[in-house]
**Student:** 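First, the structure itself, so that you have it in front of you.
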Amino acid sequence: FQHHQQLLAANPAAARTATGTGTIRQLGAIPTGSYLYAALHVLAVSGTTPSVTVRIESDDNAGMTTPTTRHTFTAATAIGAQWAAPVAGPITDTYWRIGWTISGTTPSFRFATSLAIAL
């Protein structure tokens, strides 16, 4: 059992207050019989009715010109953690990132997302 793992939100100390995307990483493809695993850790929340929805995206190119959403976590409104249901391969895309949508009045979130491919 081998795996590749990456922390996709590399700076969980940074407060995120608006919708955005993270750094693009070349993590690799997911062959048949292998799985994508992901976790979301919300470390801090503030604002009035704050909500963040985080998604895992992949693409076949470094520019992420046509990203495909591979998993969307349940909207988070408080400190906590979520595990994604394993996503089965094959997925031929090799570039990965997270994206997030933030809503609420003066919302602020600190979060980290990890991604692993089990080979």
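Only this structure's heavy atoms are used, side chains among them; waters, hydrogens and symmetry mates stay out. Position 1 is the first residue of the sequence; numbering continues from there.
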**Student:** Is the gap between the ring centers of Phe109 and Trp100 under 6.0 Å?
**Tutor:** no
**Student:** Mind checking the CD1-CD1 spacing from Ile56 to Ile98? Nearest 0.5 Å is all I need.
**Tutor:** 6.5 Å
**Student:** Roughly how far apart are Leu115 CG and Leu36 CG, rounded to 0.5 Å?
**Tutor:** 5.0 Å
**Student:** When you compare the side chain of Thr17 with that of Ile102, does any pair of heavy atoms fall below 4.5 Å?
**Tutor:** no
**Student:** For Pro90, which residues count as a side-chain contact (heavy atoms from CB on, under 4.5 Å) partner, sequence neighbours excluded?
**Tutor:** Thr32
**Student:** With sequence neighbours excluded, give me every salt bridge (Lys or Arg N to Asp or Glu O under 4.0 Å) pair touching residues 101-119.
**Tutor:** none
**Student:** Which donor-acceptor pairs under 3.5 Å do side chains of residues 43-55 form with protein atoms, sequence neighbours excluded?
**Tutor:**
{"unit_1": "Arg55", "atom_1": "NE", "unit_2": "Glu57", "atom_2": "OE2", "d": "2.7"}

**Student:** What is the distance from atom OG1 of Thr68 to atom CG of Asp59, rounded to the nearest 0.5 Å?
**Tutor:** 6.5 Å
**Student:** Tell me every residue that passes side-chain hydrogen bond (donor to acceptor under 3.5 Å, both in side chains) with Thr65, counting only those two or more places apart in sequence or in another chain.
**Tutor:** Asn61
**Student:** Can you list the residues that meet the side-chain contact (heavy atoms from CB on, under 4.5 Å) rule with Ala14, with sequence neighbours excluded?
**Tutor:** Asn11
**Student:** Working to the nearest 0.5 angstrom, can you tell me the gap between Met64 CE and Ile24 CD1?
**Tutor:** 5.5 Å
**Student:** Could you state the interatomic distance from CD1 (Ile30) to OG1 (Thr94), rounded to the nearest 0.5 Å?
**Tutor:** 11.0 Å
**Student:** What residues, two or more places apart in sequence or in another chain, satisfy salt bridge (charged side-chain N to carboxylate O under 4.0 Å, His left out) together with Asp93?
**Tutor:** Arg70
**Student:** Spell out, yes or no, whether Tyr95 and Ile117 are grouped together once hydrophobic residues are joined by side-chain heavy atoms under 4.5 Å, including indirect joins.
**Tutor:** no
**Student:** Could you give all pairs that pass the salt bridge (Lys or Arg N to Asp or Glu O under 4.0 Å) test and reach residues 41-53, with sequence neighbours left out?
**Tutor:** none
**Student:** With sequence neighbours excluded, give me every salt bridge (Lys or Arg N to Asp or Glu O under 4.0 Å) pair touching residues 30-41.
**Tutor:** none
**Student:** Taking all atoms of both residues into account, what is the closest heavy-atom pair of Ala118 and Ser34, and its distance?
**Tutor:** O-CB, 2.9 Å
**Student:** Please output the side-chain donor-acceptor pairs of residues 71-78 that fall under 3.5 Å, not counting sequence neighbours, one pair per line with the distance.
**Tutor:**
none

**Student:** Can you run down the ring-ring contact (aromatic ring centres under 6.0 Å, His included) pairs that involve residues 47-70, sequence neighbours left out, and say none if there aren't any?
**Tutor:** none
